[in-house]
Protein chains: 2
Amino acid sequence: MAVMKYSRQREAIKEYLSQTIEHPTADTVYMNIRKQYPNISLGTVYRNLNLLAEQGEILKINCRDGSDRFDGNPNPHYHFICNGCGRVFDLEMESIDHINVIAGEHFKGNIEGHITFFYGSCPDCNQ
Amino acid sequence: MAVMKYSRQREAIKEYLSQTIEHPTADTVYMNIRKQYPNISLGTVYRNLNLLAEQGEILKINCRDGSDRFDGNPNPHYHFICNGCGRVFDLEMESIDHINVIAGEHFKGNIEGHITFFYGSCPDCNQ
DNA sequence: TTTGATGCAAATGTTTTGCATGCAA
DNA sequence: TTGCATGCAAAACATTTGCATCAAA
């Protein structure tokens with residue numbers, strides 16, 4: 001892969017993601033970066049989000065409510081998606097990597113990992 | 001919800017899904033049903049797949065490799081997605097519902113369930 | 001005869017891409 | 001200067017939808 005050159009747009013995207021607790025969609029990122037760089041294009045936002053995710057600097061979350069979401073915290077962690085408001089929350093929880101072993105007990109392939117997200121109602125939507 | 005009327009197209013879709021071990025995309029279902037009903041439209045396939053999934057007669061799998069996949073086995077079970085060939089396998093494994101409890105230990109919302117899929121290399125792609 | 005289901009095509013929503021230009025190294 | 005990054009617009013994809021017609025009940 002070619003070396004990445006510095007770009008102020010990419011920095012702005014990284015900065016924005018690192019300081020929000022939301023898990024914004026590409027479009028939300030676009031809307032916010034536009035406040036600072038009105039001429040930035042959606043294509044550039046997508047290109048940089050994908051680049052950063054590939055480099056492991058951010059996480060791409062496929063929560064499948066239509067569009068992908070992005071998380072400025074690159075450390076592996078689990079997510080909770082609220083059925084009520086649709087917001088995505090980070091979960092602090094102990095490792096559940098042992099489920100890979102359980103999954104592999106009757107399977108002849110090689111299980112390398114899992115993707116899990118939890119759903120239900122968040123504190124605000126709960127009753 | 002209005003009562004469903006019989007339709008031979010829907011029956012054919014259900015029949016096709018129940019007798020394949022693949023986890024076809026909507027487009028693959030379309031291609032196959034067309035052998036029997038050359039005039040069926042992709043819109044009808046999508047409408048019926050969504051209907052059947054809502055009724056709990058089939059499963060819709062969001063494995064996020066581009067398009068959704070469908071499974072004729074409506075009983076909850078876990079899936080394995082091969083990083084090599086992209087195929088989706090059913091996993092026979094014991095329940096891991098306890099991870100809902102683990103996830104809820106430090107979270108104030110109500111965790112109702114989880115979606116998990118495993119990945120790695122399948123027996124064919126493994127070495 | 002009533003009303004859900006269909007085929008067709010157009011529309012939608014998200015993401016990617018081609019290309020000329022801009023800018024970092 | 002070299003070549004990655006950008007802005008713009010068009011394209012690519014998967015999926016949904018409006019509508020006139022068809023067919024189950």
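Naming: A, B, ... by sequence-line order, numbering from 1 per chain. Any value given below was found using the heavy atoms of this structure, including those in side chains, with hydrogens, waters and symmetry copies removed.
- Proximity of residues 9-21 of chain B to DNA chain C (heavy atom under 4.0 angstrom from any strand atom) is restricted to B:Q9, B:R10.
- With A:R10 contributing its side chain and A:K5 its backbone, the two residues share a donor-acceptor pair below 3.5 Å.
- Side chains of A:N50 and A:K60: a donor-acceptor N/O pair is present below 3.5 angstrom, by distance only.
- Looking at residues two or more places apart in sequence or on another chain, you find a side-chain contact (heavy atoms from CB on, under 4.5 Å) between B:I58 and B:L17, B:L49, B:L52, B:A53, B:F70.
- Look at CD on A:E54: it is 15 Å from C1' on D:dA5, rounded to the nearest Å.
- Computed from coordinates, the A:I33 CD1 to D:dG7 P distance equals 11 Å when rounded to whole Å.
- Counting only residues at least two apart or on different chains, the ring pair (Phe, Tyr, Trp, His ring centres under 6.0 Å) pairs with a member in residues 4-56 of chain B are B:H23-B:H79.
- A salt bridge links A:K14 to A:E11: one of the charged nitrogens lies within less than 4.0 Å of a carboxylate oxygen.
- If you chain together hydrophobic residues whose side chains sit under 4.5 Å apart, B:Y78 and A:I115 never meet in one group.
- Rounded to an integer number of Å, the gap from A:Y30 OH to C:dT14 C1' is 14 Å.
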- request: Go through the steps for A:H106 and B:L91 under the test side chain to side chain contact (heavy atoms under 4.5 Å, CB included), then give the verdict.
  value: CA-CA 8 Å; A:H106 305 290; B:L91 289 177; over 6 Å; no
Contact list (N/O, under 3.5 angstrom) for nucleotides 10-12 of chain C vs protein:
none

- line: In 5'-to-3' order, the base (B), backbone-only (S) or no-contact (-) status of each nucleotide in nucleotides 15-25 of chain D, using a 4.0 angstrom heavy-atom cut-off, is BBBB-----BS
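- Take A:E15 and apply the salt bridge (Lys or Arg N to Asp or Glu O under 4.0 Å) test, not counting sequence neighbours, and it matches no residue.
- Under the 4.5 Å side-chain heavy-atom criterion for grouping Ile, Leu, Val, Met, Phe, Trp and Tyr, B:F80 is not connected to B:F117 through any hydrophobic cluster.
- Panel note: side chain B:R69, backbone B:R87; no donor-acceptor pair is recorded below 3.5 Å.
- In this structure, B:N48 atom CG and C:dG4 atom P are separated by 15 Å, rounded to whole Å.
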